[in-house]
Amino acid sequence: MSSFPRSTVLGYPRIGPRRELKRALESYWDGRSTRAELEETGAELRERTWRRLAELGLAGLPSNTFSLYDQVLDTAVLLGAVPRRYLDAEDPYFAMARGTAGLAPLRMTKWFDTNYHYIVPEVDAETVFKLDAAKPLTELRQARELGFETRPVVIGPVTFLLLAGALERLEEVLGCYEELLALLAAEGVEWVQLDEPALVADRSPEELAAVTAAYERLGSAPSRPGLFVASYFGDLGEALPVLAATPVEAIGVDLVRGGLDRLSALAGKTVVAGVVSGRDVWRTAPGRALSLLRAVREHAADVVVSTSCSLLHVPYDVAGEDGLDPALRARLAFAEQKVAEVVELARADFRGAEAPAASVALADPVVFEGRGPYAERAAAQAAHLRLPALPITTIGSFPQTGELRAARAAVVAGTLEEAGYDRRVEAEIERVIRLQERLGLDVLVHGEPERNDMVQYFAEHLDGFAVTSNGWVQSYGSRCTRPPILHGDVGRPAPITVRWARHAQSLTDKPVKGMLTGPVTIVAWSFVRDDLPLRDVVFQVADAVRDEVRDLEEAGVSIIQVDEPALRELLPLRRASQADYLEWAVAAYRRATSGASDRIQIHTHLCYSDADQILAAIDGLDADVTTIESARSGARILGAVGSFGRGLGPGVYDIHSPRVPSEAEVEGLLRETLKVLPAGRVWVNPDCGLKTRTYEQVEAALANVVGATRRLRDELGAT
C-alpha cells in the first residue's frame, strides 16, 4: 500500500460546467436520446473532470463520485437493494428515482443539512444484498485508460444502513463491501474512500458498536486497498476514537465545521484534513488553514490537505462571472479555485500560522409584537374568506414554459424590452388563473411566471445580494439552482411581488395567495457572508420580508404564503445545538409575518425534509395554514400531526415524479388525513410547487385532486 497522496478532494461537481448532464438527462427522459447517449455524456464529463483536476495539480483523484441521479441511489444499486417492484421497469434506476406511470418513486429527502436531495434506500425483509460493482469498476477503468490512477468513493456501510433505517442488516451488507474491496485490490487500487457522514451526528452506543464491528471486519479483510473513512458536515465527536481504534489507515475530518477535539486519538493514522470549505464560496484564509494543519500534524502520522466535504455543493468556476463586482469576485472561490487552494496548502510548510479567529458575539434581535391568538384569527379569516370545507390550493409555482425562459433570457440579452416581457408575464398569469378557475380550485396562485427561482428572484431585488451567471449547483437529478451570494447588509429598496399579486387578484373573485420565500430559506439557499452570525443575517432578511407582507396586505391580498422549506434543513446535526437554532429560526419567521393583521391568513410550506422531526417548531411558526410534503414519503407525516392545532395540508400529489395520481389514489390519501385531523382543519394541495412539471401533467393531476375532494365533500355533507 503506497502512502496517501498529499492533496485531494472528497468529490467534485458532476452536472457539467454548462449543465450538460441536465440536458442529457432530460433528453433521455423525453425520449429524444438513448441510454447509451446519456452514458456517453457521463463519460465525457468524468474525463473532463479528471483532466482538469490533474491540470490544477491535485495529487489524489477520486472516482465513482459521478452519478446520473444520486450517489445514495447508486449505492443501493451497488448493494443490490433494488425493490422487486422496480425490476421489470424499462429502466429500474430511473423508475426508483422518478417513478413511472404505474410505479411511485422511492422517497426523497435532504442530504443531512444541505439543499441536496437524495433517494432514500428501501431495505425490507425481501431485500437480498448482492454486489453489483459495474459502476465503480467502469469508472476506475475509464480513468486508468486516460492515464489516471483514482481512488474509488463509496458511501460507507453504517451511513447507508442508517439512511435506510436498517442497521440490523449490517452483517449481510459487510459481505458485499468485503467483496468490493477484494475486486478493487485485484484491480491494483491503492486506496478506497468510504463516506460516513452519519457519524458526525449524535450516535447511540449501539450505533457506535456497529462502527467498530464494521471497520474491524473490513480492516481485517485479507485482500483490500487502504481504507480511508471520510466524515464531513461536522465534528466526529465520540465517533472519532471509536473509528480510530479500528484498522482503518486514514480518517477524514471536517475542520471547517468541526473542531480539534480528541486529536490524540489519531496517533498512527493518516488524517485527511478538510481545511478548505466545500459548503461556501469564500476564499480560504491561509493562516487559519495552516494553523489547523499544524495542530493536526502534532498528533497524526501523516497529514493530507483536502476539502471539508465534496465540492458537489459549490459551482464550478468563478472565471467568467464578469457581472459580479470585481471586489466581490476577488473574495470568491468556486470548485476550481478551491482545488487550487488545496494544492497550494499542500505545498506549504505547516508552520508559523496565525491562530483560528475567535467567534463573533451574537446581537440580541429586536422583538416585534406578534399577531393575535390563532382562534381569534381563524374566526376573522373564516368570515372574510368564506372558503368551503377541504379547500383546494397549490403551493405557488406553475410550469415554467420554454417560452417564458426564452423571454427572460432575451431581456438579459437586450433583445426584448422590459415592457414586452411584462406583457408576456401578465398573459401567463391570466392563463394560470383561468386554468385554476376552470379546474375548480378554491385558493388560487398567480403561478410565479416572473420568477426564475424562489430565492434568486428575491435576491435580485434586495440589497446585500449578488447573483451569478453560471454558478449552478445540483439540487437533485437534473434540477440545478444558482444560489445567490449574500455578501452585505440586507435591505428592501422597493416592493418586490406586489405588482404581480395585485394583477392576479384583479382577474378573479377567488382569493389569490401572495407568494413569499421565508427568511430562513432565503439564507439557507444562498452562500452567506461569514463575518456575521447566521442568526443576525436571517433577522435582517426577516425585516425585508416583513415589509413585503405589509405591502401585500395594503394591496388587498387576503392570503400570504411565506415558505420555509429549509427550516428542517438548517437544523444542527447535534442535538445540543438544535433548541437554540429552532428558537431563533421560529422567532425570525414570526418577525417576518408579524406585520399582518389577524384577518390576513398566513400560510407556510415545507417539503422533502423529514418535517415530522420538528413538528413542534413548525407549530411554533404560528402560521394559520401549513402545507407540507406527504405523498412522496408515503404519508409518514400523518403519524405526527394529531396534536397540530392549525390548518394543515399534507400533500396528495408528488410533483417530483412525472406520473399523474389517480382520483382513487388522492382520495385514499385524503381519507388517511381525515383519520387524524378534523375536516375543518384539512387543506388539499400538492407536495410542492409545479414548476418542474408540464401543463399536461398538471391539468390531469389537479383535475383528479379536485374530483377526489368533491367526492369527499359530498360524503361529509359539506360545501
Side-chain angles (χ1 to χ4, degrees), residues 64 67-89 91-100 103-112 116-136 153-181 194-204 206-215 217-218 229 239 476-477 573 608-610 612-613 629-637 639 654 656-657:
N64 201 43
S67 179
L68 289 176
Y69 200 94
D70 165 51
Q71 71 270 15
V72 183
L73 181 59
D74 293 343
T75 309
V77 173
L78 173 80
L79 299 172
V82 178
R84 186 174 301 170
R85 63 186 179 278
Y86 295 105
L87 294 177
D88 292 331
D91 190 326
Y93 182 84
F94 288 116
M96 289 188 287
R98 306 178 71 241
T100 67
L103 278 173
L106 291 174
R107 189 166 74 89
M108 181 170 69
T109 192
K110 297 292 181 73
W111 179 243
F112 296 90
Y116 177 79
H117 303 61
Y118 74 93
I119 301 298
V120 180
E122 183 180 299
V123 175
D124 57 24
E126 293 187 347
T127 304
V128 178
F129 294 110
K130 183 179 180 181
L131 182 69
D132 178 358
K135 181 179 181 296
V153 179
V154 179
I155 293 174
V158 176
T159 291
F160 177 79
L161 289 176
L162 285 171
L163 296 179
L167 192 58
E168 71 280 0
R169 306 289 294 276
L170 181 63
E171 286 297 314
E172 300 167 63
V173 163
L174 289 178
C176 292
Y177 280 86
E178 285 179 322
E179 186 180 348
L180 175 63
L181 294 180
L194 298 177
D195 283 2
E196 292 284 10
L199 302 188
V200 304
D202 296 307
R203 303 270 61 111
S204 68
E206 293 76 17
E207 291 165 342
L208 292 175
V211 174
T212 298
Y215 287 100
R217 179 170 167 181
L218 296 182
V229 177
Y476 64 88
L573 299 178
Y608 305 103
S609 60
D610 293 328
D612 52 305
Q613 299 174 7
E629 176 267 323
S630 182
R632 175 88 182 215
S633 60
R636 58 183 287 175
I637 190 71
D654 171 24
H656 280 326
S657 170

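Just so you know, residue 1 is the first one in the sequence shown, and it goes up from there. Just so we're clear, the structure is a prediction, and the values are computed from it rather than from any experiment.
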(request) Using a 4.5 Å cut-off on heavy atoms from C-beta on, say whether the side chain of V154 contacts that of N64. (result) yes
(request) State the CD-CE distance between E629 and M108, to the nearest 0.5 angstrom. (result) 8.0 Å
(message) Does the plane of the ring in H117 sit parallel, tilted or perpendicular to the ring in H656? Use 30° and 60° as the thresholds.
(response) perpendicular
(message) Contact between V158 and E207 at the side-chain level, heavy atoms closer than 4.5 Å - yes or no?
(response) no
(request) Decide whether E196 and Y215 meet the rule of one side-chain donor and one side-chain acceptor closer than 3.5 Å. (result) yes
(message) Return the CG to CE distance between L106 and M96, rounded to the nearest 0.5 Å.
(response) 6.5 Å
(message) By the salt bridge (Lys or Arg N to Asp or Glu O under 4.0 Å) test, which pairs, at least two apart or in different chains, include something from residues 160-174?
(response) R169-E172, E171-R217
(request) Could you tell me which non-hydrogen atom of A95 sits nearest to which non-hydrogen atom of T100, and how far apart they are? (result) CB-CG2, 3.8 Å
(message) If the condition is salt bridge (charged side-chain N to carboxylate O under 4.0 Å, His left out), which residues does R98 pass it with, not counting sequence neighbours?
(response) none
(request) Keeping the roles fixed (side chain from R203, backbone from A198), state whether a donor-acceptor pair exists under 3.5 Å. (result) yes
(message) Can you give me the closest heavy-atom contact between I155 and W111, atom names plus distance?
(response) CD1-CH2, 4.2 Å
(request) Quickly, which of L68, L78, I119 forms a side chain to side chain contact (heavy atoms under 4.5 Å, CB included) with L73? Name it, please. (result) I119
(message) Please find the pair of heavy atoms, one from R636 and one from D610, that lie closest to each other, and give the distance.
(response) NH1-OD1, 3.7 Å
(message) Testing the basics here: between G156 and Y177, what is the closest heavy-atom pair and its distance to 0.1 Å?
(response) C-OH, 3.4 Å
(request) Kindly compute the distance separating CG (L218) from CG (L180), expressed to the nearest 0.5 Å. (result) 9.5 Å
(request) For A214 and P157, work out which heavy atoms get closest and say how close. (result) CB-CG, 4.3 Å
(message) Return the CG to CD1 distance between D612 and I637, rounded to the nearest 0.5 Å.
(response) 4.5 Å
(request) Identify the heavy atoms of V120 and L163 that sit nearest to each other, and give their distance. (result) CG1-O, 3.6 Å
(request) Can you tell me which residue pairs pass the side chain to side chain donor-acceptor pair (under 3.5 Å) test with a partner in residues 70-84, sequence neighbours excluded? (result) R14-Q71, S67-D74, D70-Y116, Q71-Y116, D74-Y93
(request) Could you go through the side-chain contact (heavy atoms from CB on, under 4.5 Å) check for T159 and D195 one step at a time? (result) CA-CA 8 Å; T159 291; D195 283 2; over 6 Å; no
